Amino acid sequence: MLLNNTDSRIAIVRGDITKLEVDAIINAANTSLLGGGGVDGAIHRAAGRDLLEECRQLRGCATGEAKITQGYKLPAKWVIHTVGPVWRGGDNREDELLARCYRSCLALTEPNEIKTIAFPGISTGAYGFPMERAASIAVTEVRQFLESNTSLERVIFVAFGEKAYNCYQQALL
Ligand code: AR6
């Protein structure tokens, strides 16, 4: 299948990312990759202890980069762990680093034959990145990637709440 129409491959879904039956879900992790709260905690709980074991072998991850593991007990085959920037007012390369997270995750799709992927709002919880601004960066990066990529069939933005849903909708206008 040859895909080119970018926005028809993007969807917004409300709810819990750990329940999604996609090839890969993205984890908003920290540099240790050893688990935490928020979506990271939910993913580790749902995947089971084997995920933590594999994460230990990875020896961490730098902000803006991404590493892939299996999904274990999750419906998703893969978990792509990325580390978003901590929001420190907006003048500390936060936008650039968040954009890099999306690019790093997307770059792992083709080599791993990932056709469907779901993103949480990286950095928009504990790390404090404003949701509206983050949604706009997420949409820009995904659109740009899909324009030149023909293997990724579906990208889902997972909105954990009404506000996030509205922000993605606005960003996709
Ligand atoms: N499904 C989808 N989205 C979720 C879920 C879920 N189950 N749970 C939370 N969210 P956060 P960060 C949303 O704090 O800001 C962790 O402790 C949430 O509403 O999980 O990147 C890590 O270990 C928010 O919009 O990640 C790091 O230390 C978004 O996911 C730190 O938090 C991200 O919120 C990373 O902070």
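Atoms within each ligand, like the ligands themselves, are counted from 1 in listed order. Everything numeric here is computed off the predicted structure, so don't read it as measured data. Values below: all heavy atoms of this structure, side chains included; hydrogens, waters and symmetry mates excluded.
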Visitor: Can you classify the ring geometry of Tyr168 versus Phe157 as parallel (below 30°), tilted (30 to 60°) or perpendicular (above 60°)?
Guide: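 Tyr168 and Phe157: parallel rings.
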Visitor: With respect to Val158, which candidate in Ile25, Leu20, Ile26 satisfies the side-chain contact (heavy atoms from CB on, under 4.5 Å) definition?
Guide: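 Only one of Ile25, Leu20, Ile26 forms a side-chain contact (heavy atoms from CB on, under 4.5 Å) with Val158, namely Leu20.
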Visitor: Show the atoms of ligand 1 that are less than 4.0 angstrom away from any heavy atom in Gly38.
Guide: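 Answer for ligand 1: 8 (N), 20 (O).
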Visitor: Atom 5 (C) of ligand 1: which of Ile43, Val39, Ile122 has the nearest heavy atom?
Guide: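 Minimum heavy-atom distance to atom 5 (C) of ligand 1 goes to Val39.
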Visitor: So, the side chain of Asp23 versus the backbone of Thr116: is there a donor-acceptor pair under 3.5 Å, distance only?
Guide: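 Yes, because the side chain of Asp23 sits within donor-acceptor range (under 3.5 Å) of the backbone of Thr116.
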Visitor: Report yes if Met131 has an N/O atom closer than 3.5 Å to an N/O atom of ligand 1; otherwise report no.
Guide: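 No, Met131 has no N/O under 3.5 Å of an N/O on ligand 1.
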Visitor: Any salt bridge between Arg100 and Glu141, counting N to O under 4.0 Å?
Guide: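 Result for this pair is no, no salt bridge flagged.
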Visitor: In the protein, what heavy atom is nearest to atom 7 (N) of ligand 1, and what distance, to one decimal place, separates them?
Guide: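 Of every protein heavy atom, Asp16 OD1, 2.9 Å lies nearest to atom 7 (N) of ligand 1.
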Visitor: Tell me the protein heavy atom at minimum distance from atom 18 (C) of ligand 1, and give that distance in Å.
Guide: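 I find the closest protein heavy atom is Phe160 CD2, 4.2 Å.
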Visitor: Provide, to 0.1 Å, the distance between atom 29 (C) of ligand 1 and the closest protein heavy atom, together with that atom's residue and name.
Guide: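 The closest one turns out to be Gly121 O, 3.2 Å.
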Visitor: Nearest protein heavy-atom contact for atom 1 (N) of ligand 1: which residue, which atom, what distance?
Guide: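 Residue, atom and distance for the closest contact: Ile17 N, 3.0 Å.
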Visitor: Check whether any heavy atom of Ala164 sits under 4.0 Å from an atom of ligand 1.
Guide: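 Under 4.0 Å: no for Ala164.
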Visitor: Numbering the atoms of ligand 1 from 1, which are under 4.0 Å from a heavy atom of Ala28?
Guide: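 Ligand 1 atoms under the 4.0 Å threshold to Ala28: 21 (O), 22 (C), 26 (O), 35 (C).
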Visitor: Starting from atom 31 (C) of ligand 1, find the nearest protein heavy-atom neighbour and note its residue, name and distance.
Guide: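 The protein heavy atom lying closest is Tyr127 CE2, 3.5 Å.
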Visitor: Using the rule given for side chain to side chain contact (heavy atoms under 4.5 Å, CB included), can you reason through Ile68 versus Ile114, listing the C-alpha separation, both sets of side-chain angles and the distance that settles it, and then say yes or no?
Guide: CA-CA 11 Å; Ile68 190 165; Ile114 291 164; 3.9 Å; yes
Visitor: Any N/O of Gly128 closer than 3.5 Å to an N/O of ligand 1?
Guide: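 N/O-N/O distance under 3.5 Å: no.
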Visitor: Give a yes/no verdict on whether any heavy atom in Gly15 is under 4.0 Å from an atom of ligand 1.
Guide: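 Checking ligand 1 against Gly15, which is what was asked, there is a heavy-atom contact under 4.0 Å.
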Visitor: With a 4.0 Å cut-off on heavy atoms, is Thr18 in contact with ligand 1?
Guide: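 So Thr18 does not count as touching ligand 1.
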Visitor: How about Asp95 and Arg133: do any of their side-chain heavy atoms sit closer than 4.5 Å?
Guide: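 Yes, side chains in contact.
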Visitor: Going by the order shown, which atoms of ligand 1 are within less than 4.0 Å of some heavy atom of Gly36?
Guide: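 Here the atoms of ligand 1 in question are 17 (O), 23 (O).
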Visitor: Determine the sole option in Cys101, Ser123, Pro120 for which the side-chain contact (heavy atoms from CB on, under 4.5 Å) test with Thr82 is passed.
Guide: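 Exactly one pass, corresponding to Cys101.
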Visitor: Of all the non-hydrogen atoms in the protein, which one sits nearest to atom 17 (O) of ligand 1, and at what distance?
Guide: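 Looking at atom 17 (O) of ligand 1, the protein heavy atom closest to it is Gly37 N, 2.7 Å.
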Visitor: Report the C-alpha separation of Thr124 and Trp87 in whole Å, then their side-chain angles, then the decisive distance to 0.1 Å, and conclude whether the side chain to side chain contact (heavy atoms under 4.5 Å, CB included) test is met.
Guide: CA-CA 9 Å; Thr124 63; Trp87 180 260; over 6 Å; no
Visitor: Are Ile10 and Ile117 connected, step by step, through hydrophobic side chains (Ile, Leu, Val, Met, Phe, Trp, Tyr) whose heavy atoms are closer than 4.5 Å?
Guide: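 Ile10 clusters together with Ile117.
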Visitor: For Arg9 and Leu152, indicate whether the former's side chain and the latter's backbone hold a donor-acceptor pair under 3.5 Å.
Guide: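 Side chain of Arg9 to backbone of Leu152, a donor-acceptor pair under 3.5 Å: yes, one is there.
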Visitor: Where is the nearest protein heavy atom to atom 25 (O) of ligand 1: which residue, which atom, and how far?
Guide: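 Ranked first by proximity to atom 25 (O) of ligand 1 is Thr124 OG1, 2.6 Å.
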Visitor: Taking all non-hydrogen atoms of both residues, which atom of Asn30 and which atom of Ser32 are closest, and how far apart?
Guide: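 Looking at all heavy atoms of both residues, the closest pair is OD1-OG, 2.6 Å.
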Visitor: Taking only heavy atoms of Asp40 into account, list the atoms of ligand 1 that are under 4.0 Å away from them.
Guide: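 Numbered from 1, ligand 1 contributes 22 (C), 23 (O).
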Visitor: Output yes when the distance from some N or O of ligand 1 to some N or O of Val158 is under 3.5 Å, and no in every other case.
Guide: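 No, no N or O pair falls under 3.5 Å.
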Visitor: Quick one: do Val39 and Val22 end up in the same hydrophobic cluster if we chain Ile, Leu, Val, Met, Phe, Trp and Tyr together by side-chain heavy atoms under 4.5 Å apart?
Guide: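 Yes, one cluster joins them.
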Visitor: Please check whether Gly125 reaches ligand 1 - meaning an N/O of the residue sits under 3.5 Å from an N/O of the ligand, judged on distance alone.
Guide: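 Min N/O separation from ligand 1 is below 3.5 Å for Gly125.
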Visitor: For atom 14 (O) of ligand 1, what's the nearest protein heavy atom and its distance?
Guide: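 Nearest protein contact, heavy atoms only, for atom 14 (O) of ligand 1 is Ala126 N, 2.8 Å.
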